[in-house]
Each structure stands twice: as C-alpha cells, then as structure tokens.
K.L.:
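Got a structure here, written out as structure tokens. Questions coming.
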Amino acid sequence: MSSHSRELVFLILQYLNEEGLKQSARMLEHESGYYFHMNFFEEMVLAGNWEEAEKYLSGFTKVEDNRHSTKIYFDMRKQNFLEALDSNDNEKALNILSKDLSVFATGITGELFNEMTQLLTLVDIRQHESLADYGDTNSARRNTMIELKRVIEANPIFHGKLNFPTMNGNRLRRLINQSLNWQHLCCTYPHPIPYTNTLFEDHVCHPPVYHSLAQSTNSNAVSSQASPDPTFAASTSYPVLDEATSAAFSYPGLNRPDSLPKTVSRILNEESSSPVSMDFHPVMHTLLLVGTNTGDIRLWDVFSGLKFLSRNFKVWDMGRCSILSKRALVKDPLVSVKRVIWSPDGCLFGVAYSKHIAQLYSYHGGSDVRPHLEIDAHLGAVNDLAFSYPHEQLLVLTCGDDMTIKVVWDSVTGVRMYTFEGHNGPVYSLCPQSKWQNHFFFSTSVEGKIKAWIYDDNGERLDYSAPGCGRTRMAYTTDCQRLFSCGTSRKGETFLVEWDEGSIKNVYQGLRNNSQGVVQFGITKNQFLAAGDDHAIKFWDMDKVELLTTTDADGDLPENPHFCFNKMGTLLAVIANGNKIKILATDIDLQLMTLPGSYYTDAARVLSNNFRMLALNPSTSAVADAAVAEGDVALVEEKPDISGEADDEFRSSVGNPVIIRPRILPLPLPSYVNVKKISRLVYYTAGNAILALGSNGVHLRWKWPKGDDLNQCGQATAKVTPHLWQPKNSLQLLINDVSDNNPEASVSCFALSKNNSYLVSASGGMITLFNLITYKAMTNFLPPAPMATCVAFYPRNNNIIAIGMDDSTILIYNVPLAQVIANLKGHCKKVTDLAFSSALNKLISSGADAQISLWNLERWEKQKCKFLQMPDGKIPAVWSDTYIQFHQDETRFLAIHETLLAIHEAKELKCLLQWTPVVPVKISQATFSCDSQMVYAGFVDGTIFVFDASKLELKCTVGCSIDAYPNAIASHPQKPTQFAVGQTDGTVIVFEPEDPEGEWFVLPQDNISPLQPPSLPESSLVLQTDDVSVLQPPNLPESSEQPPSLPESSMLTKPILELIYYNSGDGILVLRSNGVHLRWKFPTDDDLNQSGQATTMVTPQLWQPKNSLQLLINDISDNGPEASVSCFSLSNNDSYLISVSGKMITLFNLITYKAVTNFLPPAPSATCIPFYPEDNNIIAVGMDDSTILIYNVPLAEVIAKLKGHTEGVTSLAFSTALNILVSSGADTQISVWKVDKWEKQKCKFLKMPDEKMQVVLSATYIQFHQDQTRFLVAHETQLAIFEARELKCLLRWTPVGSVSISQATFSCDSQMVYAGFMDGTIFVFDASKLELKCTVGCVIEAYLNAIASHPQKPTQFAVGLTDSTVIVIEPEEPEGEWFVLPPDDISPLQPTSLPESSELTKPNA
C-alpha cells in the first residue's frame, strides 16, 4: 500500500475505536498488519484465549519468520500445554504436543520438546525440576506475558507497529467535512446554509426555486471552478444528527419549499383557556411564550413538551392604577391577553391586556420569570405592544382603544417619553424599525389608516390607507430591506402586499375573499411569507405572487389560525381548535426532537445591555410619582436580581500592599513620531524587543543592544535604553490602514506570530499583514464595516487567524487562501479579546457584553458561555471591554474587566478567584507574569498593583508618579518580575524591581498608594498617631503626648473584630481583622484620673514594650485576613492571651509581649476560644466545622472533641457555678455540655420572630450573667436571657424594624444590657426586664462590630467599629447613670415593649 493508504487505515481504525466497533478494528489490524494492539493481545493471553491470541498474532508474523517469532509461538503453546497438564486434561495436552508443539521437535527447541513429552508421565508437573516454582495459572500467564512483551518489542518485524500515530479525535469525520465544504464551494448556486443527505454522491446545491422556474427545461447547472478551500469549516449554532454526514452542513433551514416546517411534531394542550397570542424566544429557539383569553401566560419548551411556567393575571399594585382602570377591573374582572412579545435579546417580555394594563417581565432562564414593570397604559384595551431600540435605549411602545399610541415607555425606569395622537379610531398594531440609522415606527388603526412616526413631538410623517381599509399588521424582513402588510377589510377581503416607498409593489394571490376574521401573517428566513387562511397556513415565495404551498397541520385549525415562526424558521406554532397549539417542524428538527437533552443556551446567560441596566436603574419613587402626575402609572414590583449563584465562594483576598520604588525606563521616541495613546503592547518572544501600536495606527519597535557591560545578553532591561528600530537607510514605519473617521476613536489591535516574523494589525480600517523581516506590508483584507477589534494567530497554523469584530461576530480567516472559513456568533456586543489554548484545543472569547465564550476548534462551534460575576451581583450600566489571557498551563485564564480581576478554569468557565476594588477607580488592563505567578494590573488613576496570582492577593503597589494611566500592559516572556506599560499619553515604560534579580518586595508603610484593595475604605488609608488612640471627648483637646507610630502591618484601615477590657479596668485590648492586636492603657492623672481606670476624661496611650515597636500579630489565613474569623481570650490574671485569625492559634505572653507557641493548624479554623476558668492550661476551641475541641496547652493535645452543632460554632462560655460549658452556633442552636465528662446535656434552637426559622444562618453570641446561672443570647434578630440548666427562655426582645443587632453585652453588674445595631445606634436595656431604657445618641458612620463592658464601672462600655475605631462611652457625669430624656428623641428603631418614658441619653465618647 502507498503511504496515504496506510494512513487511511489508521483513520479507519480510529473511527472504529471511537464508534465502539472493537472487533472490526481488531480484524482490520490483523488483515493490514499495520498496528499491533498490545493491550488486546495481553487480554487474550491473560484470559487463556490462546487460539484467539495466536490468530491475531498470525496477521503480523509466522513461526518461521525469525528466532524472535519462533520463541513467541513456542512460549504461547508451551503455556497452553502446561495449563492442560495442570488441569489433568492429558488428552488436550497430548493433542497440543502432537499438533502445535511438534513444529519445535527439531533444532534448538528439540531438547525442550523432549522434556515436555516426559511431563505427560508425571502426576504433577511441579515434580519436574524446572517447574518446581510453577505457581497458579494466572501468575504463570502473567509471567509468560512479560516475556512475550519483551520478545515482541525486540522483534524487528514489530518495529513501527506498536505505537498508534498521534492525531486529533474524529479526524476522518473532519476530512469528510472538509471535502463536503470543498464540494460546496464548487457549486454553481451555493446556498448560504448548505445541507447534504448522503456521502455516496457529490454534494451539489440545487438552484433556488425562483431560479429554476426561470430556466429552460433543457438547461443544466454547470459547476463553477471556484478555488476551493480544504480547511473550510462551517459555523453552526445547531446540533448535528451525524457528523459523518452533516457536521459541516448542520443548519437545517434551506431557503426552499421543502425546508419549511410543515410536519406536526408535537401538540401542546392549554386545557382550560384558549391561546390567543404567541412568540418564540429570539435566542432559545424552542422556547414559546403563550398568552390566553383568560389573561394567563405560559412558557413552553416545544422540543420536550414541558411547560416551564403558568401564571394567572393579576394587578401587581392596584393602588397605583388609575380610577378608570380600577372601575373597569372591578366591574368585569375577566381580562384576556391581546399580545405577548419578547424583547430583541430575550431578556424581557411584554404582555398587553384587554383592559388598560400592560406588564413587563424579566426572564432569567428556565422557569425564572420576575415582574419588572406594570404600566397603566390606555383607556380600554391595549391592542399591541412592541419593543424598539432607538439610540441604544430600549423602549416599549403600546397602542390602544383610546386612539393613541399613547405611551412610549423607557423599559428600565418605566417613564413615559412620548405620546402620539392622530388616529381617528382605535390603534390596532405597531411596527417599529431602524433603517439607515433612522428610527421610526408604523401604526395602523382599525379603519385601515397607516401612519409613520419618528421619536419626537412633531406628529405623523406619513399617512396613507391600507388595501381594503381594514385591520392591518405590518412587518419588515430581518435585513430591513422589504416591508409587507396583511389586512382584512370589513367585507372579509384580505390583502397580503409588499410596499415600496409608500406604494404597493406586489399583491400576493391565493387568499380567500370572505374571511370572517382578521388574517394573520408572518415572515420567515427573509424568503417566505405565510398567512393563516381557510383553516390552513399558506406560503409564498417573496419573489413570486403565486401561492407556493399550504399545510393544514393535520386539520382541526380555525378559519384564520394564529401562528408564529421561531427566528430560525425551523419551527412553526399554530393555534388549533380545542385549546391546542400544534408545533410544526422541518424534517431535521423532527429528528432533533428525538435526541436527548436540549440544545439551546440558558437565556440567563444571554443578557442584553438593557436588561443588565435593570439592576442598576430601578424605578424610583420619584419617577413613579412623576408618571402618576402625568396620569400614567409605571410600577415595579421587584427589582430584578441577576447576580445568579457564584461558581463557588468568590475570594477577594488582600494582603498589606505597600508602594514599591521600581526601576523604570521610559522608552525614547523621535521627534517625527507623534503617538497620542498606546493601544497595544507586546514583547518579542526572545525578550529583547518591545512592539507597540499607537491609536493612530503607527507601530513602534524598540530593541535592546547586546554586548554592553550592563546588558551582555541583550534582554530588555530598565538599566539600558533601547533603540527605536527601523530598517537601514530608512525612516519607514509600519502604519495601519486607518478608519475614515477619527483614528483615535477606532479600536486598534494586533497579534505577533510565534517566530516574530509576521504581524497582523488593524486600526479601524482594513486588516494588514506585515512582514517584520522585510518591514513591509504584505496584504490587506476584510475592509470594514464591521471593524476588527481583536486578532489572534491560531497556534497550530499561523496561516489561520481569529478576528473579533465590532458587530459581535468572530471570523476565522485563512490568510493564504483569503477565505473566511468560519463565522462564529454568540456575543451580543463587540468582541474585545481572543485567546487560543493549545493544551485544550479551544478558543476563548470575551466581549463588551461581559460574556466569556468557549469555542471548539474541531468544528468552530460554541461549547459554553458565561457572564462575568459583577461586584455585588450588579451589571454596569455602560458596557466596557473585557480582556482575557491564558495562564502558563493553558487550562486557566485571567479575565480583566474595569470592575474586577478573575481567574477562571477554561473547560467549564468556572470562576476560581475574583478580586474587586471597592473604591471607584477602574481597572484599565492586567496581565500574568511570564511564569503566571503574579498578575500586574493598571488602573485609570495611574497606579499599578502586583498580585500573587495563586490567591489574587495584593502584594504591593508600584508607586510611580505619572500623569497618564496604563492602557496596555505586557509581561517579559522570560523575566517574571519585568513588565511594560503603554500609557494614554503615548509613552511606554518598562518596570522591574530596583535589584534586577530581586522580587517585588515591601517597603515602609508611609509610601502606600492611594488606591487601596477592596476591603480598605478610601477615607482612612493610613492611621495617624492621633487616629490610633481612643477617640477623644469632643470638648477636650488632643493629648500632647504622641504615642509611637504603628508599624506597617497595622497602618491600613481594618475593622475591629474583638474587644475586651483588662480585668484591672485600666486598659483595652482589641483584635483587628488583619490579625494585629492593639493595647491601650489609661494613664494616672492627679486631677482627671487618679485611679488610672479607663475613662473618657483622659486620652489613653497605645502601649508597647520599651525600646520596641513590636506588635502581637496572629498567624494569618492563606485565604487572606478579611476572609477569616478572628477571636481571642484573655486569662484571668491578664498575663496570657490566646488568639487566632483564620490559621494557627497563638498563645501570647502579655508580660514579655511575645508569642509562646502556635497550635492546631487549620482546617478547620477556630472561631471562638475561651479559657477554662478553673484551669487556664485548658481552653475550649469552637471550630468552623461545627465541633468543639478541648485542648490542653502544656500537653499540646486535644483531650476531648464535642459534636452537636450542624454549623460553625460562634460562641462559648463557661459557668463555674454550674460546672458547664454553653455553646452557640450559626445554626442558632444553644447547647449545654457537662464539663466533668465533656458530654452534651441539653440543646435548644432559638425561637425566631413570627415563629419562623432563620433562612440565612447568622452568628449567635452568648455571655453569662454575674450569677452564672443565666446567660444573654445575642442574635441579629433578637436579644434573649436564658436559664442555663434547662435552657429556658426567661426574657426576649425583638426589634420591629429591619435593622439587625450586631453585638450585645451585660454590664459588669449584669443590671444592664448594651446592644449595638447595624445602623450605628446603641441601646441600653434594663436587664431584669429586657426593657429599653435609652438610646445612646452617638453619631458614627460605621457600625458596632465588637462591644465590651468595663469590669468595675457598670455604666461604662467600649465599642469597636467596622471603620477600625474604638470608642469608650459613659454618661456625661462619670458617676451618673443612664437616665431618661423626653420620648420624642427616641430612635426610629422601636422595641416591642418600648415604655413611654424612654429617652435619648447624651453620652461622653
């Protein structure tokens, strides 16, 4: 066989194996002798199937071929002989010896043959000396196989036959598809959507029907000699039946009569109500929206026959309806649907009703439908509803019986924008359109008047009559080129016509002239018209006025059936008698319906710009009131939540970023080069040059000189200035074909080939291929519009490039053949970035729609898509570019959006890590370092962040002072710590650490960049000395004594998580969320503080050991401190502190101010840790896995493990009086544990307000009363006091408002309870009754996160806030009580039992 014949055999073998035809594959291997399947041979040997194994082997070698082959056959037959003897089957053994082994009776095996003959005389073959070690049959076969494999591999006959050649999967199918496409290119009348039924004949596209009719009967179609493209791969959004026959021709909708949906494939039963209006989803082509005569709406999947949704009509807010609407609905509550319609992107749908009301719903996929807007639109029926998109603003048009197109509603806010009047009768239908960037719409009245309107207040622009002067509907083709109308006069005459500039161009024949109702019509595939007439659906070719064909849908249709096509024209829904809907399909769709599963995309992933704005711009009360004032009402029942579920818990971990003084090098520009902004930037693969593209289409190439003392390798470095490289004796620059418009407003993009020899680049005009060796343009291609927005070389073949376009498509282009080989569609906004993965053989694309799509390169088809998870689930109102870059392993990629950085897994598009800034500074660009260990990100304020890519944790800030900001960023291909940025002022700057071999490390805190990570509020970036101390009383000056400056780890603003007074009452200890402990000590003052106790009269000092700035810092969680639970506990004698912040627990000595030991590494993580009062060597540790560990610190061992909670343990408290431990958890369970045996005694769940269990789990905290027989429980929904032995609730207080409780504590004498709330207020309760006595009226912007009462002063307490401040609070008079003021000062948050005498108390803070 020839070389190609041999390869064809391998292709067939691959196909047989992929199809599971294993036996056929083994037969082909045996007969061809090209590939020896060692695994199959081994299976036969180990199974003892010697005859089959020898038969397979015979296809490759014979006994006599060589000594290796002889030994193979001999060992196989010998083992078969020994197995027969071992099983006492002497007859079989004798037969093997005489027939199979006799060939070895002579030669070098003759002696062995004689010995085997002697074995027949033995009772047990193991009696023979050479077989004494013969084990069982299986082990003997394994040993034989090992020897056989060794000999086969040594046999020259098998050389080149043991390894199957490497090739892509489905290679044979791929070649067949390419052949079919080649044939298609040779067709004389190539259809835009090709299809083939068989491989037995060459593919030929038949002429269109209208062309065939024009040809003579003797004419024959002659194939043209078009230059074929063997690599052409058709783009498709439809699944295929059999790739071998139709992979490249998978779109079933050919523009010919036999491709029309005329076969009934499914019948949907609406049961109690009759369908009156239908519309298919514009993206999910099998999703059908139905409105009925009883006002109900339904949502069907016509492929599966499943009803996703059934919703009855109701007014969402009757109070906002007009009086006339209320009267009409009360007088006759029966309401029918007049029209249902989807928005152009399928994210909204509208329903027009027969009485006054129109409603808009938002669609989020599946059965998730949410109310969006309710419009009291017209007096009487709302006859039609339509969506329009003028000037990139989604509007809703309605018309009604009140003779007006009364309202054009903003679909986001519900505000009325225009009212159009001019018809003399009820307005029947609407037809909005945009043509040549002109936005207008037609309206028709029941009297047959057609008017054209523009979105302004200048009245109608056109006015003429419809044929027959009857009820008429109008529709454009999807390409906006042709306009049609269909109407029925009062006499029953029906006219289906085509319009041309206000006059009738064609009148279509075949409609009945005595119709009793209005004939409905539709357009499909931009080629066919359809009308429901005479109990059937009639079809016309647009170019022929004669009737083309009809279908009665198997009968039972009304006289004028309503119907609708899906957007692909492959499905047709028809309303039949008996409340039924018949689904008609093409032949291809009929077969697709038999396939398992559904082929469309989740509509929640196909969100439009308008729908994303819904989450940001809900109707405000002011807007609604304005609408009411105008006499119209637009209501919002729900604010849509489109956040969805995160793939996992997004992590946004932030370290302690500091400013880095890097070595920077601005690259020089000659005077004759004028570049205003750098649009793209890339390093050469060798790392010795940088290529930049300016926004004006000019390319700049800098190259570093080699041989200098500072740069012997010639690599890019900030130590040596590079040269702007150009060809010798020439000042020529590479310049793109720029847009005819302002080039600065165009999108510029480029891609560099792997060998750095070719550059593909575009700047709004044609795409240019440059040769970087000759430094000349080779060719231009693909003139706009649309405009190229991003380009990428296909790594396996640099002749193929992927091109993202501003019309949301992706073109796969073969440069040598000058052919677009695939057109990929899936985005709804411009494509902004493309990246190939060689490891996965996939293409990833991102767009301005924040959508990321995964494409299969075998068939150039979409596999998966996903929208970026925006911060707080919100979608930005203004679309912005999204960029992507693959990780070094090419299985993960970085996604860059102005609001976030994220790392995704590529196969499933699962988000692994995400970082979002809280401050309003946008991310401009970002990139991985060359080793993918770091991420460099630029911001529009000019700063640059360096992240640890493994956690997306901020490590440092590059603090260069620059007037512009990074618009492009690229990392050095070999130096992980070097990167370059292209600025908006046209400069390019190279960055690397001061030490070229160093890392990006941390410098002093005072250089912190003003741009902070997401958890750092902008208002307090660096704590000054006076900010570190307790806040002063407002009427006292600051202390003249300045405490020492804090080291860098505590300078950033961190919430206070834990707070406690020293037992002596003279100091306060706090723990911040970053694991840093701060200790304030109150000085003794002769006048103001003789006792040295904590007081608001004296400013405390931040205490540290003498001659040291050392702080106590916990072992921080790898997930970042902000993601961890922090807790601590102080020993009775104030000498020891035990503390944790998400990682190992640390025991600190507060006398030496040093850490003693660490223990219990996570996971799980510790969440609460009290000392055992009877023995400070023992601590109880609550864990986030719901367990409690009893730990002996000196012995370093867990002495007990308590289990009982179902969620993380949030609080622990010992009672020495009862010798018990009480625990509480996020599951709202309270448990009592007996300390002597460490076992559970009793447990109880908190009783939630209104008898409801808490849906969202939240922390529960406990604290014992002074008598240690009762304890306080603090939960976000309530305060309660329990009796400890029986867990009996004695008192409970619940807030009526929606503000949650954040923390609470007893006073030191347990006579009062101090409680903080999320709105920043603090309540003081009488603990004996849990009765609110007063509200502390301190004004704070943050809310209370921790609270502690003074151990000796009942009226003093301290709070730690979320903005990192600590406040000490006591009555105005140090010896005073919390007393009562007039009731009108009470806080708006009311308790259930608030007494009339309650007052607002003014504290010292």
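The structure displayed is predicted, hence computed values, not measured ones.
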K.L.:
Check the side chains of Asp1227 and Thr1206 for a donor-acceptor pair under 3.5 angstrom, ignoring hydrogens and angles.
P.N.:
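Their side chains do contain a donor-acceptor pair, which is all the 3.5 Å distance test asks for.
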K.L.:
Assess the residue pair Ser1211 and Ile1262 against the criterion (side chain to side chain contact (heavy atoms under 4.5 Å, CB included)); give the C-alpha distance rounded to whole Å, side-chain angles, the decisive distance to 0.1 Å, and a yes or no.
P.N.:
CA-CA 6 Å; Ser1211 188; Ile1262 51 178; 3.3 Å; yes
K.L.:
Please identify each residue that fulfils side-chain contact (heavy atoms from CB on, under 4.5 Å) with Ser1186, with sequence neighbours left out.
P.N.:
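In terms of side-chain contact (heavy atoms from CB on, under 4.5 Å), with neighbours along the sequence ignored, Ser1186 is linked to His1205.
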K.L.:
Strictly by modelled atom types, are Gln1303 and Tyr1314 linked by a side-chain donor-acceptor pair under 3.5 Å?
P.N.:
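No, because no side-chain N or O of Gln1303 sits under 3.5 Å from a partner of the opposite role on Tyr1314.
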K.L.:
Quick one, Val1198 with Ile1190, criterion side chain to side chain contact (heavy atoms under 4.5 Å, CB included). Give me CA distance, side-chain angles, the key distance, then yes/no.
P.N.:
CA-CA 6 Å; Val1198 176; Ile1190 308 301; 5.9 Å; no
K.L.:
Is there a side-chain contact between Leu1137 and Phe1171 (heavy atoms, below 4.5 Å)?
P.N.:
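No. Closest side-chain heavy atoms not under 4.5 Å.
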K.L.:
To the nearest 0.5 angstrom, please state how far the CE atom of Met1144 sits from the CG atom of Asp1115.
P.N.:
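The CG atom of Asp1115 is 6.5 Å from CE of Met1144, to the nearest 0.5 Å.
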K.L.:
Let's go through Asn1176 and Tyr1136 carefully: what are the C-alpha distance in whole Å and the side-chain angles of both, what is the deciding distance for side chain to side chain contact (heavy atoms under 4.5 Å, CB included) to 0.1 Å, and is it a yes or a no?
P.N.:
CA-CA 9 Å; Asn1176 276 347; Tyr1136 291 95; over 6 Å; no
K.L.:
Locate the shortest heavy-atom distance separating Ile1220 from Ala1284; write the atom from each residue and the value.
P.N.:
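Closest approach of Ile1220 to Ala1284, heavy atoms only: CD1-CB, 4.0 Å.
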K.L.:
Drop me the distance from Ile1179's CD1 to Leu1160's CG, to the nearest 0.5 angstrom.
P.N.:
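Atom-to-atom, Ile1179:CD1 and Leu1160:CG are 7.0 Å apart.
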K.L.:
In terms of ring plane angle, is the pair Phe1323 and Trp1293 parallel, tilted or perpendicular, where the classes change at 30° and 60°?
P.N.:
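Plane angle over 60°, so perpendicular.
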K.L.:
Is it true that atom CZ of Phe1264 has more than 12 heavy atoms of other residues, nucleotides or ligands lying nearer than 6.0 Å?
P.N.:
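Count over threshold, so yes.
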K.L.:
Could you walk me through whether Asn1114 and Ser1139 pass the side-chain hydrogen bond (donor to acceptor under 3.5 Å, both in side chains) check?
P.N.:
CA-CA 7 Å; Asn1114 282 338; Ser1139 185; 2.8 Å; yes
K.L.:
Look up atom CD in Glu1207 and atom OG1 in Thr1167, then write down how far apart they are to the nearest 0.5 Å.
P.N.:
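So the gap between those two atoms works out to 12.0 Å.
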K.L.:
When you measure from the side chain of Thr1095 to the backbone N and O of Val1098, does any donor-acceptor pair fall under 3.5 Å?
P.N.:
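No, the answer is negative, given that no donor and acceptor are paired below the 3.5 Å cut-off.
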K.L.:
Quick check: closest heavy atoms across Ser1223 and Val1209, and the distance to 0.1 Å?
P.N.:
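Scanning both residues, the minimum pair turns out to be CB-CG1, 4.5 Å.
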K.L.:
Please tell me whether Phe1306 and His1265 form a close aromatic pair, meaning their ring centres lie under 6.0 Å apart.
P.N.:
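Yes, the ring of Phe1306 comes within the 6.0 Å limit of the ring of His1265, centre to centre.
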K.L.:
Are any non-hydrogen side-chain atoms of Leu1057 and Arg1072 less than 4.5 angstrom apart?
P.N.:
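A side-chain contact is absent here, since even the closest heavy-atom pair is not under 4.5 Å.
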K.L.:
Taking Glu1370 for the side chain and Phe1357 for the main chain, is one N or O donor matched with an acceptor at less than 3.5 Å?
P.N.:
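Such a contact is absent between Glu1370 side chain and Phe1357 backbone.
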K.L.:
What's the separation between atom CG in Leu1071 and atom OG in Ser1129, rounded to the nearest 0.5 Å?
P.N.:
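The distance works out to 12.0 Å.
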K.L.:
Give a yes or no on whether a salt bridge exists between Glu1283 and Arg1285, defined as a side-chain N under 4.0 angstrom from a carboxylate O.
P.N.:
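Looking at Arg1285 together with Glu1283, the answer is no, because their closest N to O distance does not fall below 4.0 Å.
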K.L.:
Thr1305 and Gln1263: side-chain donor and acceptor closer than 3.5 Å?
P.N.:
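Judged by distance alone, the side chains do pair up.
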K.L.:
Please tell me if the side chains of Thr1157 and Thr1146 come closer than 4.5 Å, counting only heavy atoms from C-beta onward.
P.N.:
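No, too far: nothing below the 4.5 Å cut-off.
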K.L.:
Listing request: all salt bridge (charged side-chain N to carboxylate O under 4.0 Å, His left out) pairs with a residue in residues 1158-1170, at least two apart in sequence or in separate chains.
P.N.:
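For residues 1158-1170, and leaving out neighbouring residues, there are no salt bridge (charged side-chain N to carboxylate O under 4.0 Å, His left out) pairs at all.
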K.L.:
Excluding sequence neighbours, so at least two apart, what forms ring pair (Phe, Tyr, Trp, His ring centres under 6.0 Å) with Tyr1172?
P.N.:
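Per chain and number, Tyr1172 pairs via ring pair (Phe, Tyr, Trp, His ring centres under 6.0 Å) with Phe1214.
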K.L.:
Keeping Thr1260 on the side-chain end and Gly1225 on the backbone end, is there a donor-acceptor pair under 3.5 Å?
P.N.:
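Looks like yes, one N/O pair under 3.5 Å.
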K.L.:
Using the ring centroid of each side chain, check whether Phe1148 and His1077 are separated by less than 6.0 Å.
P.N.:
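Judged by ring-centre distance (under 6.0 Å), Phe1148 and His1077 do meet the cut-off.
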K.L.:
Which pair of non-hydrogen atoms, one from Ala1094 and one from Lys1353, has the smallest distance, and what is that distance?
P.N.:
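Looking at all heavy atoms of both residues, the closest pair is O-NZ, 2.9 Å.
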K.L.:
Using only atom types and a distance under 3.5 Å, with no angle test, would you say the side chain of Asn1345 pairs donor to acceptor with the backbone of Ile1056?
P.N.:
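Checking the backbone N and O of Ile1056 against the side chain of Asn1345, a donor-acceptor pair under 3.5 Å is found.
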K.L.:
Decide yes or no on side-chain hydrogen bond (donor to acceptor under 3.5 Å, both in side chains) for Gln1093 and His1350, but give the supporting numbers first.
P.N.:
CA-CA 9 Å; Gln1093 291 283 298; His1350 193 284; 3.2 Å; yes
K.L.:
With a 4.5 Å cut-off on side-chain heavy atoms, are Ile1145 and Val1181 touching?
P.N.:
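Yes - at least one pair of side-chain heavy atoms lies under 4.5 Å apart.
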K.L.:
Would you list the pairs meeting salt bridge (charged side-chain N to carboxylate O under 4.0 Å, His left out) in which at least one residue belongs to residues 1174-1198, sequence neighbours left out?
P.N.:
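Pairs touching residues 1174-1198 that pass the test: none.
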K.L.:
Nearest 0.5 Å, please: how far is CE in Met1312 from CG in Asp1326?
P.N.:
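The distance works out to 9.0 Å.
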K.L.:
Determine yes or no for a side-chain-to-main-chain donor-acceptor pair under 3.5 angstrom, with Asp1066 supplying the side chain and Phe1082 the backbone.
P.N.:
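Checking the backbone N and O of Phe1082 against the side chain of Asp1066, no donor-acceptor pair under 3.5 Å is found.
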K.L.:
What pairs with Ser1300 under side-chain hydrogen bond (donor to acceptor under 3.5 Å, both in side chains), at least two apart in sequence or on another chain?
P.N.:
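Not a single residue meets the side-chain hydrogen bond (donor to acceptor under 3.5 Å, both in side chains) criterion with Ser1300.
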K.L.:
Between Leu1287 and Val1232, is there a side-chain heavy-atom distance shorter than 4.5 Å?
P.N.:
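When only atoms from C-beta onward are counted, Leu1287 and Val1232 do touch, with a gap below 4.5 Å.
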K.L.:
Apply side-chain hydrogen bond (donor to acceptor under 3.5 Å, both in side chains) to residues Gln1229 and Ser1231 and explain how you reach the verdict.
P.N.:
CA-CA 6 Å; Gln1229 180 185 165; Ser1231 299; 3.1 Å; yes
K.L.:
Yes or no on side chain to side chain contact (heavy atoms under 4.5 Å, CB included) for Thr1096 and Ile1369, after CA distance, side-chain angles and deciding distance?
P.N.:
CA-CA 7 Å; Thr1096 58; Ile1369 303 175; over 6 Å; no
K.L.:
Return the minimal non-hydrogen interatomic distance between Asp1267 and Ala1217, and the atom names on each side.
P.N.:
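Taking every non-hydrogen atom into account, O-CB, 4.2 Å.
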K.L.:
Asp1309: which residues meet the salt bridge (charged side-chain N to carboxylate O under 4.0 Å, His left out) condition with it, sequence neighbours left out?
P.N.:
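In terms of salt bridge (charged side-chain N to carboxylate O under 4.0 Å, His left out), with neighbours along the sequence ignored, Asp1309 is linked to no residue.
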K.L.:
Any side-chain donor-acceptor pair under 3.5 Å between Thr1216 and Gln1268?
P.N.:
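Checked: Thr1216/Gln1268 side chains pair up, N/O donor to acceptor below 3.5 Å.
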K.L.:
Just so I know, are the side chains of Ile1322 and Phe1317 near enough to count as touching, which here means a heavy-atom distance under 4.5 Å?
P.N.:
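Of all side-chain heavy-atom pairs linking Phe1317 with Ile1322, none is under 4.5 Å.
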K.L.:
Take Arg1079 and Tyr1062, measure what side-chain hydrogen bond (donor to acceptor under 3.5 Å, both in side chains) needs, and give me the verdict at the end.
P.N.:
CA-CA 10 Å; Arg1079 176 182 178 182; Tyr1062 275 66; 2.9 Å; yes
K.L.:
For the OG1 atom of Thr1228 and the NZ atom of Lys1247, what is their distance to the nearest 0.5 Å?
P.N.:
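Reported value, rounded in 0.5 Å steps: 13.5 Å.
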K.L.:
Identify the two heavy atoms, one from Cys1127 and one from Ala1166, that lie closest to each other, and give their separation to 0.1 Å.
P.N.:
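Heavy atoms only, the tightest pair is SG-O, 4.3 Å.
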K.L.:
When you compare the side chain of Phe1282 with that of Val1273, does any pair of heavy atoms fall below 4.5 Å?
P.N.:
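Sidechains of Phe1282 and Val1273: in contact.
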K.L.:
Is there side-chain contact between Leu1212 and Leu1221, with at least one heavy-atom pair below 4.5 Å?
P.N.:
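Side-chain contact under 4.5 Å: yes.
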K.L.:
Search all heavy atoms of Trp1238 against all heavy atoms of Leu1202 and return the closest pair with its distance.
P.N.:
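Distance-wise, the nearest heavy atoms are O-CD2, 3.2 Å.
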